[in-house]
Number of protein chains: 4
Amino acid sequence: MATVVKGWTRRKEARPAEILEAALALFAEKGFTATKMEDIAKRAGVTTGTPYRYFANKEEIFKAVVRESLIPQISFGEEMLSQFHGSGQALLEEVLRSWWQGVGETNLSGLPKLIIAEAGNFPDLAKFYYEEVIERGVRLIGRVITYGVERGDFRPVDVDYTVRVVMAPVIMGMIWKHSLGVCEREPIDTERYLKTVIELLLSGLTQPQQPANPASLEIPHA
Amino acid sequence: MATVVKGWTRRKEARPAEILEAALALFAEKGFTATKMEDIAKRAGVTTGTPYRYFANKEEIFKAVVRESLIPQISFGEEMLSQFHGSGQALLEEVLRSWWQGVGETNLSGLPKLIIAEAGNFPDLAKFYYEEVIERGVRLIGRVITYGVERGDFRPVDVDYTVRVVMAPVIMGMIWKHSLGVCEREPIDTERYLKTVIELLLSGLTQPQQPANPASLEIPHA
Amino acid sequence: MATVVKGWTRRKEARPAEILEAALALFAEKGFTATKMEDIAKRAGVTTGTPYRYFANKEEIFKAVVRESLIPQISFGEEMLSQFHGSGQALLEEVLRSWWQGVGETNLSGLPKLIIAEAGNFPDLAKFYYEEVIERGVRLIGRVITYGVERGDFRPVDVDYTVRVVMAPVIMGMIWKHSLGVCEREPIDTERYLKTVIELLLSGLTQPQQPANPASLEIPHA
Amino acid sequence: MATVVKGWTRRKEARPAEILEAALALFAEKGFTATKMEDIAKRAGVTTGTPYRYFANKEEIFKAVVRESLIPQISFGEEMLSQFHGSGQALLEEVLRSWWQGVGETNLSGLPKLIIAEAGNFPDLAKFYYEEVIERGVRLIGRVITYGVERGDFRPVDVDYTVRVVMAPVIMGMIWKHSLGVCEREPIDTERYLKTVIELLLSGLTQPQQPANPASLEIPHA
DNA sequence: AATGAATGAGCTTTCATTCAT
DNA sequence: AATGAATGAAAGCTCATTCAT
């Protein structure tokens with residue numbers, strides 16, 4: 001939230017970032033349509049017209065938020081994959097957990113909900129998000145699963161579709177936080193949720209053929 | 001859509017149902033906010049004021065759609081559960097498949113997306129949906145899993161949280177169809193998706209035949 | 001409120017009167033614009049279209065209410081005047097009290113408020129009411145005052161304008177009942193109000209016994 | 001009406017006042033409901049959305065009109081009372097005349113009609129007006145009468161109710177101007193009306209100098 | 001570069017009146 | 001004579017975007 005500096009002293013180059021930060025917070029809370037430009041401006045500590053100096057319109061602000069905040073998280077996952085040498089199980093868990101930490105526990109977790117909600121009414125946004133985020137994400141998880149299958153850690157599976165099944169609980173966890181989750185009597189215990197997800201997925205993916213290697217059932221980090 | 005008839009008569013008793021059908025189609029396509037009352041009216045073959053003869057406002061139309069269409073599907077699942085005598089695996093597959101058939105392949109599959117998207121801006125709707133749909137659905141799947149665990153078909157699991165993990169891929173499948181799914185080059189093969197989901201879940205839930213590593217079976221917090 | 005008779009048995013000739021009664025009650029409560037035709041119908045125990053069998057539109061219903069209910073009250077006052085033989089004071093009191101009883105304490109007391117409120121937006125209604133009610137009422141009170149002056153009971157006064165001053169507290173009393181009166185902590189004691197009105201008016205009109213100050217008796221513009 | 005200026009600037013600080021002035025004129029003419037926001041805007045020389053920058057909604061515009069225009073008139077009367085040293089008669093006449101001048105002869109005279117008309121349908125407005133205007137007005141006139149009674153200028157009277165009787169002709173005079181008054185062949189001569197009011201009221205309130213004729217003071221029927 | 005007043009199309013909801021039955 | 005479903009124009013309020021300063 002924009003460190004307050006004495007009036008004109010505030011460095012101009014911080015403006016766009018402050019606007020994007022404010023926009024992300026509001027997008028996550030209310031969605032795209034329900035977020036008013038004026039609220040973004042106010043929250044960024046500027047006036048109505050200022051965001052238009054830096055971004056052509058609300059859609060461009062959304063794209064910029066995605067580019068600046070979400071896409072680096074995917075790059076981070078790709079980085080991790082390229083340097084990984086352990087078991088498929090460990091890799092999958094590592095990727096899911098770091099995604100959860102970098103996205104699920106930040107305001108970014110509001111973006112999947114937003115895009116799901118508004119894709120139909122903003123086809124440009126949908127296309128952009130699909131190409132820049134979804135496709136890269138799917139490719140990343142696909143490579144993770146293939147890695148495990150090729151190492152013999154995972155059963156041979158229908159990779160393309162398994163990717164979606166693997167991602168679903170993580171995405172849903174994020175969506176939940178930002179929508180009906182607020183109706184629940186006791187908030188979700190995210191660590192417990194994540195643990196359940198990983199346990200079920202790994203257990204479902206793991207090669208059951210040979211007498212199980214007890215180590216491979218253990219939860220890494222445990 | 002409504003055979004055109006001269007004058008207003010004849011369709012009298014059919015009107016509310018026609019309006020709900022039109023509303024569901026539009027809700028699924030555009031969401032709650034973006035669905036204009038006038039569009040509902042037009043699609044139902046009536047004029048602006050007519051829906052208000054039957055429903056107090058847009059929120060009530062939504063509730064009626066849920067009550068008339070979605071809730072019976074849950075009742076159907078409860079019915080199925082109470083009469084089932086086979087294995088846990090068979091029960092879970094049966095429930096998921098029939099849910100998919102009765103909801104996922106109809107316009108009803110648009111409702112989860114809608115409610116996720118608009119919960120924050122329509123707390124009344126959220127509360128209604130949470131109490132009437134989510135809680136009953138969660139309870140149903142919880143009983144299905146417990147059934148399997150008690151029969152020894154499934155590993156002992158953290159039922160409350162496993163429910164969410166089991167439902168996630170099904171819900172996501174429905175959400176996908178109505179949002180970013182339209183961006184995909186080739187449409188999802190739903191049978192293939194469902195097969196992958198069930199295979200992974202059953203494989204993840206099923207009691208391993210050989211002596212398992214006890215540590216990995218523990219229920220968190222237990 | 002429409003004696004309930006077995007369905008079709010209800011004598012048709014009672015319909016218009018029932019509709020007017022319902023209309024008066026609602027007009028008094030909500031005013032002209034805010035009274036919905038459908039509410040009139042419902043309250044009269046018929047359906048939406050029925051009032052239109054008897055009256056061309058809402059304005060005509062209003063006129064009929066005035067003709068059937070309010071105008072007879074004026075005739076009654078005229079009757080009283082033509083047969084009266086006592087003092088001017090007694091006559092004025094009699095007229096005011098019987099007006100209060102026949103109008104002020106019934107739903108008719110809502111009509112002055114209504115017409116005052118809506119005259120600007122329904123010029124036809126205003127003209128009708130002015131000609132049929134106001135002019136006759138003013139003429140009546142004018143003759144009452146003249147009666148008192150000619151008998152020497154009242155000071156010689158500017159009759160035309162005194163009429164308005166005399167009527168004002170009675171009209172305001174009725175208006176009050178139907179509008180801001182509801183905000184008062186304790187409801188108006190109408191008998192006490194009426195007593196205060198009459199006391200002040202009679203005391204203000206009565207011929208002082210001692211040689212009067214001629215200046216104060218002059219009629220302006222005379 | 002707002003000298004037309006190029007662009008939107010310049011009138012910045014004047015806007016709210018211009019809007020209130022336009023609103024008052026329309027409220028006086030048509031009442032609250034029948035005054036369209038767009039008409040207020042047009043008359044103030046702006047477009048539909050502009051009034052909403054300054055006032056949350058139509059009700060708030062009404063309240064602002066009352067606060068800015070009517071309430072100062074009451075304060076003025078209170079001021080006058082606190083500095084007055086003459087006879088009760090002179091005080092009452094002074095107060096009524098200055099009220100007439102400051103309210104009766106301006107657009108403010110439309111407010112009593114408005115509030116009487118719409119109290120039932122806008123309870124919030126009614127409560128506000130009752131508390132901010134009526135109660136203070138009643139208290140003011142009550143003190144004026146008490147002043148006269150205590151000085152021996154007025155007969156001892158039922159102050160609470162006499163207040164209403166005294167105010168009635170003044171309020172009615174204002175109401176009349178804005179409703180059925182327009183139907184009259186020759187417009188009311190306000191000076192003549194006011195003179196008649198004051199003469200009748202003072203004559204009705206003044207302590208008879210001579211031994212009173214008990215009969216004439218008795219309340220008939222008592 | 002930044003401001004913030006102003007725009008105006010767009011949406012939900014209401015209700016007098018009509019007219020097929 | 002009576003019904004009551006349907007009409008459709010109208011009104012309050014919102015908000016992305018513009019542009020004079």
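The structure displayed is predicted, hence computed values, not measured ones.
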Nucleic acid footprint by protein, nucleotides 9-14 of chain F - heavy-atom cut-off 4.0 Å, B for base, S for sugar-phosphate alone
B-SSBB
Under the ring-ring contact (aromatic ring centres under 6.0 Å, His included) rule, collect the residues that match up with B/Phe122, sequence neighbours excluded.
B/Phe32
Taking only residues two or more places apart in sequence, or in another chain, which ones meet A/Phe128 in a ring-ring contact (aromatic ring centres under 6.0 Å, His included)?
none
Between A/Thr50 and E/dT3, is there a contact of a side-chain N or O with OP1 or OP2 at under 4.0 Å?
yes
Kindly state each residue pair satisfying salt bridge (charged side-chain N to carboxylate O under 4.0 Å, His left out) with at least one member in residues 120-130 of chain B, sequence neighbours excluded.
B/Lys127-B/Glu131
Taking only N and O in the side chain of B/Arg15, is any of them less than 4.0 Å away from OP1 or OP2 of F/dA6?
yes
Excluding sequence neighbours, so at least two apart, what forms side chain to side chain donor-acceptor pair (under 3.5 Å) with C/Thr33?
C/Glu118
Residue B/Val46, side-chain heavy atoms: nucleotide from E/dA1, F/dT7, F/dA6 that is nearest
F/dT7
What residues form a ring-ring contact (aromatic ring centres under 6.0 Å, His included) with A/Tyr130, not counting sequence neighbours?
none
Is any side-chain nitrogen or oxygen of D/Arg53 closer than 4.0 Å to OP1 or OP2 of E/dT7?
no
Would you please name every residue forming a side chain to side chain donor-acceptor pair (under 3.5 Å) with A/Lys36, sequence neighbours left out?
none
When you measure from the side-chain N and O atoms of B/Tyr54 to the phosphate of F/dA6, is any distance below 4.0 Å, counting only OP1 and OP2?
yes
Checking D/Tyr129 now: which residues fulfil ring-ring contact (aromatic ring centres under 6.0 Å, His included) with it, not counting sequence neighbours?
none
Tell me, what's DNA chain F's dot-bracket, Watson-Crick or G-U with both distances under 3.5 Å, | for other-strand, [ ] crossing?
.||||||||||||||||||||
Quick one: pull up CG in A/Leu111 and CD1 in A/Ile116 and give me the separation to the nearest 0.5 Å.
11.0 Å
Protein-nucleotide distance (D/Phe55, atom CZ; E/dA5, atom P), rounded to Å
13 Å
